[in-house]
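To find a chain, count down the sequence lines: A is the first, B the second, and so on, and within it residues start at 1.
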Amino acid sequence: MTSPTYAQVVFNLPLPGAFTYRIPAALQDRVQVGMRVLAPFGPRKITGYVVALTDTCDASLKLKNLEDVPDTLPVISPELLALTRTVADRYHAGWGEVIKAALPAGLDDEEHELFSLSPQGEAALQTSNLPSAAQAVLHLVHKRKQLSRKQIRHALKKNYKSHTLATLKLEGHLHTETRLRKSSVPYKTEKIVRIAADAAPQDAVETLLARSPKQKELYDCLQNGELPLPELAKRFPKYSGPLRQLREKGLVETLSTQVSRFDGEALDLSAAAPDGPLKFTPDQEKVYATLNAALDAATFHTFLLQGVTGSGKTEIYIRCIQQALDAGRTAIMMVPEISLTPQTVFLFRRRFGENVAILHSGLSAVERYLEWEKIRQGEVPIAIGARSAVFAPLKHLGIVVIDEEHDGSYKQDSTPRYHARETAIARAQAAGAVVVLGSATPSMESRHKAMNGEYQYLTLPKRIGTRLMPTVHLVDMRKERDERKNYSIFSVEMKRAILERMDRGEQVFLFLNRRGTANYVVCRKCGFVFECPHCSVSLTFHSRSKILMCHYCNLTRVMPGHCVECGGEVIRFSGFGTQKLEEETRALFPAARIARLDRDTTRTRSAFEAMYRDMREGRIDILIGTQMITKGHDFPGVTLVGVVYADLSLHIPDFRSCERTFQLLTQVAGRAGRGTVPGRVVIQAHNPDHYVYDYVARHDYNGFFDKELALRQRLHYPPLTQLVTLAIEHPSEAQGEAYMQHLQSQLAPLIREAEGVELLGPARAALYRLQDQYRWHFIFRSRHDEALQALAHKAKQLDAIQKPPGSQFKLTLDVDPVNML
DNA sequence: AGCACGCCGACT
DNA sequence: GTCGGCGTGCTC
């Protein structure tokens, strides 16, 4: 039998097709479908993926040989090859791009040509009779000894010419050496600062630092124990000078340590009561019986499990996964990125021990690779992770659980723009697996499909045990201001409720849907709001550094003393972030022990765990936080949840802002009263008449769904239609506008031919200017998936889209967009 | 995407 | 006349 002579290879590039390569005799029996290969592609050599092996090929192609095969085993199975193909087609991405996304990061090799100076080049450098461009290259290479092409180009910026480099190489002035960089990224490390082991005795230090208060202060701080550099930077914004001097004096040392977050092993597994067989409520039993039957049948089936917070969804997931395992099959458990906390991991580790692999962005590339490898080798039958876990290389997949299925983070917002929920369903369909979508507040899409019978609908309407749903109180902040003349962040009711909890020794969550200090700076008199000149979003005031900052492009401005519009008038801060809320709360409740949880304060695992422990053990009275506090944590002592500015998320210009607000508020409310004391929720709003609050207050998901569905129906929005957006960015407004007109004229005839597809736009994006780019979008909308897909494909082929005028246009096609800003 | 080629205007 | 910028097209 002859082995195949050609390999079909795809690359991590936005190209539609595969490329054919000849397999040289030496590699003949080493190449298999699903392996990575190093292939010459134009002037470079890059990693590709073998998607097929053939004996024949198109004779018109001038073929090149494969360069190398780094794998002994395929990195991607036929099953996942097929899935990635489907995803690539659906989301208009390159097949190779999707394969790349399905593999752990840092797996690719890249070939580097390292340039160095030859003796002849040294001589030429002395005589300098070459063109100035060539001289510059020689100088650079002389100075830095060995450089890659990329480094040379980077150093020379606009002065780089590939031709100059090629000529120098040809003439023998430069030597090249090819190196293969195994790009397995090293462990994620963190710099730690501590007092040097062989530091001088205390009195010597005192005299040494007597005249350096800054250094002394830093040194004293470190005497309480070593600190990670980021932590130090927070306490001493200007640490670098003093630290350097301390190091030079030999008093402190810095070292790198490996950081490994979120693996859950730091939690003491033995401390937890080993849970016996799970005892189910009748509701849970009923749901489980249905899932049980589907798992037994081992055929594709999708369920939507709608269960209020605390209704015991997780126990059902666990038992279903166990059942799949017992039947010799494997499981994927997907959670939103933000929920993959040590506690979540702990829950599954406690139940399944070493049978769980965790795929998380908090892991270093090596750690993630090791977890992935465990799955691929079949050592571990359960994969837990965020979006990308949908591609976990498990065999015999039996069940996919998607917790918080409504969460927006399941849609990737960069290429390939796949939706992990839809992808999971596609995978399960091919594998004959069961899908369980779980949520207290299902997405409109999933709930609608359950209504139509596409998914089977299951509910857990009650909390477990005697725990009651929290009572929700809505406070009208306009009345508070106008009638009670209360200009504080806290309404009278909120204040009273907090004081009550403190008297009773119970805990409080204060929730704010923003971070930063003051959201914007506004002139009280003329209403002028300071905006980012590049992004048309309001600038955020940071009190610590007294600057205004754009959270999109990082622009910083000194806080102005006067309004620039009407001059010299009073400027006040309206709106605020968790930091400001913390200040106000401390001022108002001086006796309370207050902590803040957001990305600023709990970036490190130790900080997070310390907070978590303090909270569980009642050493914190009030916890202030953003969305982070709504997911994956269970604090039984919390009996009051306060939402400070509920309106914020309602005013986002997106047709889903209402749905998101409902989900968010319901989620936050669910944090209240998980212990034995019934919870209370106080929501402060400036426009409390909005219907969304009513449904939140009554815990009426179904009512909200009906209302919102009617609205979507009237406005022709998903889930009654499907959308594809074409987003365009350009630095020039005029050129962009002109191109929009042209595009519209090209798209119009396609739309006329297509059956039941509409075209909306061109419209300005909600964030019209972002990072010096003007942004527009077209929206294709249809009730018919096939027609919409067909149109999107046709539109993509359009000359006007394939070759926009000039190189500065950036076009993005997004199927089923989730974030439309 | 990333790279080279080729055309253009702006300088010596 | 050369240099450097930018647009265009190709990659088995």
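Between the side chains of Asp814(A) and Thr812(A), no donor-acceptor pair is found at a separation under 3.5 Å. In summary, the side chains of Tyr91(A) and Glu97(A) do not present any donor paired with an acceptor at a separation below 3.5 Å, with no hydrogens or angles considered.
Ring centroids of Trp776(A) and Tyr768(A) are separated by less than 6.0 Å, placing the two rings close together.
When the C1' atom of dC3(B) is taken as reference, atom CZ of Phe41(A) falls 11 Å away, rounded to whole Å. Put simply, CD on Gln8(A) is 9 Å from C1' on dC12(C), counting in whole angstrom units. Rounded to an integer number of Å, the gap from CD of Glu97(A) to P of dA1(B) is 8 Å. Distance NZ (Lys45(A)) to P (dC12(C)): 11 Å, rounded to an integer number of Å. The CG atom of Asn12(A) sits 12 Å away from the C1' atom of dG2(B) (whole-angstrom rounding). Between the P atom of dA1(B) and the CG atom of Leu13(A) lies a distance of 9 Å, rounded to the nearest Å. One can place CZ of Arg44(A) at 6 Å from C1' of dA1(B), the figure rounded to the nearest angstrom. The separation between Phe19(A) atom CZ and dA1(B) atom C1' is 12 Å, rounded to whole Å.
For Lys64(A), taking side-chain heavy atoms from C-beta onward, the closest of the listed nucleotides dC3(B), dG9(C), dC12(C) is dC12(C). Distances were taken from every side-chain heavy atom of Leu63(A) (C-beta onward) to each of dC3(B), dC12(C), dA1(B); the shortest belongs to dC12(C).
Ring geometry for Phe11(A) against Phe41(A) counts as tilted: the plane angle lies between 30° and 60°, on a 0 to 90° scale.
Under 4.0 angstrom from either OP1 or OP2 of dC12(C) there lies no side-chain N or O belonging to Lys62(A). OP1 or OP2 of dG7(C) sits under 4.0 Å from a side-chain N or O of Ser807(A).
Under the 4.0 Å criterion applied to side-chain N and carboxylate O atoms, Arg90(A) and Asp816(A) are assigned as salt-bridge partners.
Residue contacts shown for Tyr21(A) are limited to sugar-phosphate atoms, with no base heavy atom under 4.0 Å away. Across all strands, Pro805(A) comes closer than 4.0 Å to no nucleic acid atom at all (heavy-atom distances).
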